[in-house]
S.K.: 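Quick one: structure below, then a few questions.
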2 protein chains.
Amino acid sequence: MARIEARNNALGFRPLYRQARDILVSRINDGTWQAGQAIPSEMEIAADLGISPGTARKALDEMEAENLVVRHQGRGTFVARHDDARIIFQFFRLTPDTGEREFPSSKFVGIDVRPASPDAAKILKLRSGSRVLQLERVRSLSGKAAIVETITLPHALFPAAEKLDLPNNLYELYRAKFGVTIARSTEKLKAVAAKRREAKHLGVAIGTPLLAIDRTAYSLDGRPTEWRVSLCRTDTFHYLSDLK
Amino acid sequence: MARIEARNNALGFRPLYRQARDILVSRINDGTWQAGQAIPSEMEIAADLGISPGTARKALDEMEAENLVVRHQGRGTFVARHDDARIIFQFFRLTPDTGEREFPSSKFVGIDVRPASPDAAKILKLRSGSRVLQLERVRSLSGKAAIVETITLPHALFPAAEKLDLPNNLYELYRAKFGVTIARSTEKLKAVAAKRREAKHLGVAIGTPLLAIDRTAYSLDGRPTEWRVSLCRTDTFHYLSDLK
DNA sequence: CAGTGGTCTAGACCACATG
DNA sequence: ATGTGGTCTAGACCACTGT
């Protein structure tokens, strides 16, 4: 169907399996294959793209390593969903000191559309002054307010989102309603003192040390798509980081 | 040389390439292949183990993903060194807010051998009361004191280490002098208020929010080998975490 | 049983580094 | 020119899931 050139020696050599990966990713990206659905078998993909099964398999190996697909022996290969537990915990690292990892609940305390601040414009690569959607929420773990969070999104990518009933799992919303899949993110962590606003929301004294997480999240096409600043109390929680 | 059984169907099936990986890892672990050295070519390994080159390659793929070896097209495969920049930054995530990542300098301020605290014994899986080596140091980035660090090691694994001249890069020391290779680690992060001791070392006011990093590091054989608590000022630095 | 992904093999050729 | 790792192919068989 979509034959790939094997050789492109001049200055840029892209392996066949990576070209194949890009084609398969674009089919997820453009909605041809929806989250949770099975994609064609390795043999079919190989035939479609005019490559050998081993090469198609290597493309899928990469996509599995990137958490874009999930494979089940004997069943097939499926587009990853953001509500699979392991995908959620890919991004959510705050954990109770005792007990199991847990998905937080959310209460939105602010939703509005405004011109992008210089910081927001820079991080999201927007023209300064273009409109952004700003969400504020308080998240709880084990029934205890743990996180005060400000989320900034390009309004052009999420039109009229401010009129929706916002769910707990935003990344699943981005995908389902706006066709935006968050693939990876970068977080910068600092320790800061609680100011009046967050102290009130979290029920701690002003000046209490909080963990500030400054996250930029990137969609499948590699563009920065969400800016999120989270202030977390860490008296009974911690941020878990595995270095491999 | 060391033939592997292909089939072991009864209740535990271990792929050939993983059995091969384990054999290769043990050769790094026992010092047969030293850090920085080239290991035999894929063809030689395949012949040695009585497997096909593709299977040997897959074993090496895994080891490369685990940062145990580094491959260079046309040159060969080499045992990873902890002084390779990318291996250092695998574990050291504190970064100046402006500018490039940088390796910190160290000044040791305390070295002694003592009975393990209950916490230390639990984390390092030691009998309570067995002896541990405890190191304290202050680390600087861009010439500015940034981290106060307490490192706890099983004394039995690092005999007479307290008499050595301790270098900046401890993981390279562990490997070179004691044959212990640190392969991965887990970090728990919290925001805490500076107490008198760390405030003095870092030149900040008591009560300043600091980032506390509680790291347990595991050696090649999977056993907890080092416990490290780092208190970091994050006014001009941040902890970088990539979520993929 | 058929169909899927997972493992393993065997060999050809390409890209890169070194002598 | 040689040897290394990297890519690609083609096919066999194994393990698992559903019908």
Side-chain angles (χ1 to χ4, degrees), chain A residues 2-24 33 36-80 84, chain B residues 2-24 33 36-80 84:
Chain A
R3 289 296 152 114
I4 311 172
E5 284 187 41
R7 297 285 152 268
N8 40 3
N9 270 344
L11 224 84
F13 170 67
R14 256 184 116 54
L16 242 192
Y17 68 83
R18 183 148 297 136
Q19 299 176 50
R21 185 208 85 106
D22 292 345
I23 291 176
L24 300 181
W33 296 328
Q37 284 186 345
I39 72 176
S41 74
E42 298 177 349
M43 289 297 290
E44 288 176 288
I45 288 173
D48 260 19
L49 301 182
I51 59 183
S52 86
T55 304
R57 159 163 281 267
K58 192 155 185 179
L60 291 168
D61 282 344
E62 281 210 341
M63 295 171 68
E64 185 177 36
E66 295 173 279
N67 289 310
L68 298 181
V69 298
V70 179
R71 296 199 274 191
H72 295 290
Q73 185 172 159
R75 295 209 283 134
T77 302
F78 302 81
V79 180
D84 288 344
Chain B
R3 289 294 153 116
I4 311 172
E5 284 186 41
R7 299 285 150 265
N8 40 0
N9 271 345
L11 224 83
F13 170 68
R14 259 186 112 57
L16 244 191
Y17 67 82
R18 183 148 298 135
Q19 298 176 52
R21 186 208 84 105
D22 292 346
I23 291 175
L24 300 181
W33 297 328
Q37 285 185 346
I39 70 176
S41 74
E42 298 177 350
M43 290 297 291
E44 289 177 286
I45 289 173
D48 259 20
L49 301 182
I51 59 183
S52 87
T55 303
R57 160 164 281 267
K58 193 155 183 179
L60 291 169
D61 282 345
E62 281 209 342
M63 295 171 69
E64 184 177 35
E66 295 173 281
N67 289 310
L68 299 180
V69 298
V70 178
R71 296 200 274 189
H72 295 290
Q73 184 172 164
R75 294 209 285 138
T77 302
F78 302 82
V79 180
D84 289 343

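Residue numbers begin at 1 in each chain, while the letters A, B, ... track the order of the sequences. On a predicted model such as this, the values are computed, not experimentally measured, just so you know.
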S.K.: Nearest whole Å is fine: how far is C:dA15 P from B:H72 NE2?
M.R.: 20 Å
S.K.: Send over the distance from B:R21 CZ to C:dC8 C1', rounded to a whole Å.
M.R.: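 In whole Å, C:dC8 C1' and B:R21 CZ are 19 Å from each other.
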S.K.: Closest heavy-atom contact between B:N67 and B:A80?
M.R.: O-CB, 3.3 Å
S.K.: What's the closest nucleotide to the side chain of B:T77 if the choices are D:dT9, D:dG5, C:dG5?
M.R.: D:dG5
S.K.: Within the structure, does a side-chain N or O atom of A:R57 lie under 4.0 Å from either OP1 or OP2 of C:dG5?
M.R.: no
S.K.: Return the value, rounded to whole Å, for the distance between atom CD1 of A:I39 and atom C1' of C:dG5.
M.R.: 12 Å
S.K.: Send over the distance from A:I51 CD1 to D:dT9 P, rounded to a whole Å.
M.R.: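 To the nearest whole Å, that distance equals 7 Å.
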S.K.: Give a yes or no answer on whether the side chain of A:E62 reaches the backbone of A:A59 with a donor-acceptor pair at less than 3.5 Å.
M.R.: no
S.K.: Would you mind reading off the distance between A:R18 atom CZ and D:dT7 atom P, rounded to a whole angstrom?
M.R.: 7 Å
S.K.: Just compare D:dT9, D:dA15, C:dC8 and give me whichever is closest to any side-chain atom of B:S52.
M.R.: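 Comparing D:dT9, D:dA15, C:dC8 against the side chain of B:S52, the answer is C:dC8.
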S.K.: Does a nitrogen or oxygen in the side chain of B:R71 sit under 4.0 Å from OP1 or OP2 of D:dG6?
M.R.: yes
S.K.: Give a yes/no answer on whether the side chain of A:T55 brings an N or O atom under 4.0 Å of OP1 or OP2 in D:dC8.
M.R.: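 Checking A:T55 against D:dC8: no side-chain N or O falls below 4.0 Å of OP1 or OP2.
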S.K.: Tell me which residues in residues 59-68 of chain A lie within less than 4.0 Å of DNA chain D, going by non-hydrogen atoms.
M.R.: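 Residues of residues 59-68 of chain A under 4.0 Å from DNA chain D: none.
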S.K.: Could you pick out which residue, A:Q73 or A:A56, lies toward the 5' side of DNA chain D when each is mapped onto its nearest nucleotide?
M.R.: A:A56
S.K.: Can you measure B:I45 atom CD1 to D:dG3 atom C1' for me and round it to whole angstrom units?
M.R.: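 From B:I45 CD1 to D:dG3 C1': 15 Å.
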S.K.: Taking OP1 and OP2 of D:dT7, is either one under 4.0 Å from a side-chain nitrogen or oxygen of A:K58?
M.R.: yes
S.K.: So if I take every side-chain heavy atom of A:S41 and compare against D:dT7, D:dG5, C:dG5, which nucleotide ends up nearest?
M.R.: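 Closest nucleotide to the A:S41 side chain: C:dG5.
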S.K.: Compare the minimum distances between each of C:dT9, D:dT17, C:dT18 and the side chain of B:R75, then state the nucleotide with the smallest one.
M.R.: C:dT18
S.K.: Which nucleotide, D:dT9, C:dT9, D:dT7, lies nearest any side-chain atom of A:Y17?
M.R.: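 For the A:Y17 side chain, the nearest candidate turns out to be D:dT7.
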S.K.: What pair of heavy atoms forms the shortest contact from B:L49 to B:A20, and how long is it?
M.R.: CD1-CB, 3.8 Å
S.K.: Check step by step if salt bridge (charged side-chain N to carboxylate O under 4.0 Å, His left out) holds for A:D61 and A:R71.
M.R.: CA-CA 9 Å; A:D61 282 344; A:R71 296 199 274 191; 2.2 Å; yes
